[in-house]
2 protein chains.
Amino acid sequence: MTAQRRVVAEVLDGEHVHLTADEVHAQAVTKLPEISRATVYNTLGELVSLGEVLEVATDKRAKRYDPNAHRPHHHLVCAQCGAIRDVHPTGNPLADLPDTERFGFTVSDVEVTYRGVCPNCASA
Amino acid sequence: MTAQRRVVAEVLDGEHVHLTADEVHAQAVTKLPEISRATVYNTLGELVSLGEVLEVATDKRAKRYDPNAHRPHHHLVCAQCGAIRDVHPTGNPLADLPDTERFGFTVSDVEVTYRGVCPNCASA
DNA sequence: TCCTGCATTGGATTTAATCCAAATCAATCA
DNA sequence: TGATTGATTTGGATTAAATCCAATGCAGGA
Ligand SMILES: [Mn+2]
Ligand SMILES: [Mn+2]
Ligand SMILES: [Zn+2]
Ligand SMILES: [Zn+2]
């Protein structure tokens, strides 16, 4: 356990946190000025391998890192400003995919992304 | 209508087609040797604006272009080889997101990506 | 304290995509 | 048909995200 890894973990702590690697680096630098981007990328990659952090790709910009790996959830994204909220829909989308629509795949996971406009952007 | 646009449209014709811009360019070159990447990007961008082609981002590699914009559908992706199939699940995921989980957003769209292993990769 | 192997660093590299100014071309009109 | 012109195409430069890599640094055990 190094100071760098501790700082990355600290930055990722919280709810509805979905930061890019660069944002993580920017915040990490304020606590440990000489931490490098490479180390942030390395550490994030390890946390993802360990299953402690999830990669979220809600758009085609930079990947985002999600510390909420404990409880499975989906995402609600503002199409205008990119704000992301964790959501927990009812129902099981896996059950909604009939065998005839599985093409012989072994389906193990499903990812749901809701899109819309957040209250902030709607009022502007 | 130019020869370049016609060729891009031809390459995108078909079912379960989800090509990257580079793959579109590679196929276009066989029909029109001097077509440039910039033109392929320009044309794809226009087709997307016109709503005739959809951008699909099933992984964090290159965007894929989907000519099946007529009938709304979702995707089933092989986690190993990246193969993509169009799927039409039953049920309406929008109905599964309660008001209490909408955080004041106006939700207009939902995107569902199933992940698994295709029969090809499973037998290998 | 000294080793040793893992971690960190900064810079170079890769990949996807975008930008841009110059050259080219398609379509209209005389 | 030939000239005009505004849109299209082109290739190269640029940007952004991520990865790679060799050299250096350092944590933790002997
Ligand atoms: Mn999340
Ligand atoms: Mn499709
Ligand atoms: Zn917003
Ligand atoms: Zn496969």
Participant: Could you tell me the separation between the CD atom of Glu23(B) and the P atom of dT15(C), rounded to a whole number of Å?
Facilitator: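 Going from Glu23(B) (CD) to dT15(C) (P), I get 14 Å.
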Participant: Pair up each side-chain donor or acceptor in residues 87-96 of chain B with any protein partner under 3.5 Å, not counting sequence neighbours, and list the distances.
Facilitator:
{"from": "Thr90(B)", "atom 1": "OG1", "to": "Asp96(A)", "atom 2": "O", "distance (Å)": "3.4"}
{"from": "Asn92(B)", "atom 1": "OD1", "to": "Leu94(B)", "atom 2": "N", "distance (Å)": "3.1"}

Participant: Within the distance-only criterion (no hydrogens, no angle test), does the side chain of Lys60(B) pair as donor or acceptor with the backbone N or O of Glu55(A) below 3.5 angstrom?
Facilitator: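 Not at all, since once roles are kept as given, no pair shorter than 3.5 Å links the two residues.
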Participant: Check this one for me: any side-chain N or O of Gln4(B) less than 4.0 Å away from OP1 or OP2 of dT10(D)?
Facilitator: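 So the side chain of Gln4(B) is within the cut-off, an N or O lying under 4.0 Å from OP1 or OP2 of dT10(D).
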Participant: In whole Å, I'd like the distance from the CD1 atom of Ile35(B) to the C1' atom of dG11(D).
Facilitator: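 Atom-to-atom, Ile35(B) to dG11(D), this comes out as 14 Å.
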Participant: Using whole Å, what does the distance between atom C1' of nucleotide dC26(D) and atom CZ of Arg6(A) come to?
Facilitator: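 Value for this atom pair: 14 Å.
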Participant: For the backbone of Pro98(A) and the side chain of Glu101(A), can you confirm whether one donor and one acceptor N or O come within less than 3.5 Å of each other?
Facilitator: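 Not confirmed, Glu101(A) side chain does not pair with Pro98(A) backbone.
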Participant: Atom pairs under 3.5 Å, N or O on each side, protein against nucleotides 1-6 of chain C: can you list them with distances?
Facilitator:
none

Participant: Val53(B) and Ala69(B): which non-hydrogen atoms are nearest, and at how many Å?
Facilitator: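 Answer, listing the atom of Val53(B) first, then Ala69(B): N-CB, 4.2 Å.
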Participant: Can you check whether Thr58(A)'s main-chain N or O pairs, donor with acceptor, with Arg64(A)'s side chain at less than 3.5 Å?
Facilitator: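 Here the side-chain-to-backbone pair does not exist.
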Participant: Does any pair with a residue in residues 89-108 of chain A pass ring-ring contact (aromatic ring centres under 6.0 Å, His included), and if so which ones, sequence neighbours excluded?
Facilitator: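 Those involving residues 89-108 of chain A are Phe103(A)-His16(B).
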Participant: For residues 106-113 of chain A, run the donor-acceptor check on the side chains, cut-off 3.5 Å, and write out each pair with its distance to 0.1 Å, sequence neighbours left out.
Facilitator:
{"from": "Ser108(A)", "atom 1": "OG", "to": "Arg115(B)", "atom 2": "O", "distance (Å)": "3.4"}
{"from": "Glu111(A)", "atom 1": "OE1", "to": "Arg115(B)", "atom 2": "NE", "distance (Å)": "3.0"}
{"from": "Glu111(A)", "atom 1": "OE1", "to": "Arg115(B)", "atom 2": "NH2", "distance (Å)": "3.3"}

Participant: To the nearest Å, give me how far apart CG (Leu44(A)) and P (dC20(D)) are.
Facilitator: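 Result: 15 Å.
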Participant: Check ring-ring contact (aromatic ring centres under 6.0 Å, His included) between His18(B) and all other residues, then give those that pass, not counting sequence neighbours.
Facilitator: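 His18(B) satisfies ring-ring contact (aromatic ring centres under 6.0 Å, His included) with His75(B) only.
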Participant: Quickly work out the Asn42(A) CG to dA22(D) C1' distance and round it to whole Å.
Facilitator: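 After rounding, the reported distance stands at 14 Å.
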Participant: If I take atom CD in residue Glu46(A) and atom C1' in nucleotide dA7(C), what distance separates them, rounded to the nearest angstrom?
Facilitator: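 Rounding to the nearest Å, CD of Glu46(A) and C1' of dA7(C) are 9 Å apart.
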Participant: Can you tell me if Ser123(A) uses its side chain to pair, donor with acceptor, with the backbone of Asn120(A) under 3.5 Å?
Facilitator: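 It does hold such a pair.
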Participant: Check this one for me: any side-chain N or O of Thr39(A) less than 4.0 Å away from OP1 or OP2 of dT9(C)?
Facilitator: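 It does, given that an N or O in the side chain of Thr39(A) lies less than 4.0 Å from OP1 or OP2 of dT9(C).
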Participant: Atom pairs, N/O to N/O, protein against nucleotides 16-18 of chain C, distance under 3.5 Å?
Facilitator:
{"from": "dA17(C)", "atom 1": "OP1", "to": "Lys63(B)", "atom 2": "N", "distance (Å)": "2.7"}
{"from": "dA17(C)", "atom 1": "OP2", "to": "Tyr41(B)", "atom 2": "OH", "distance (Å)": "3.2"}

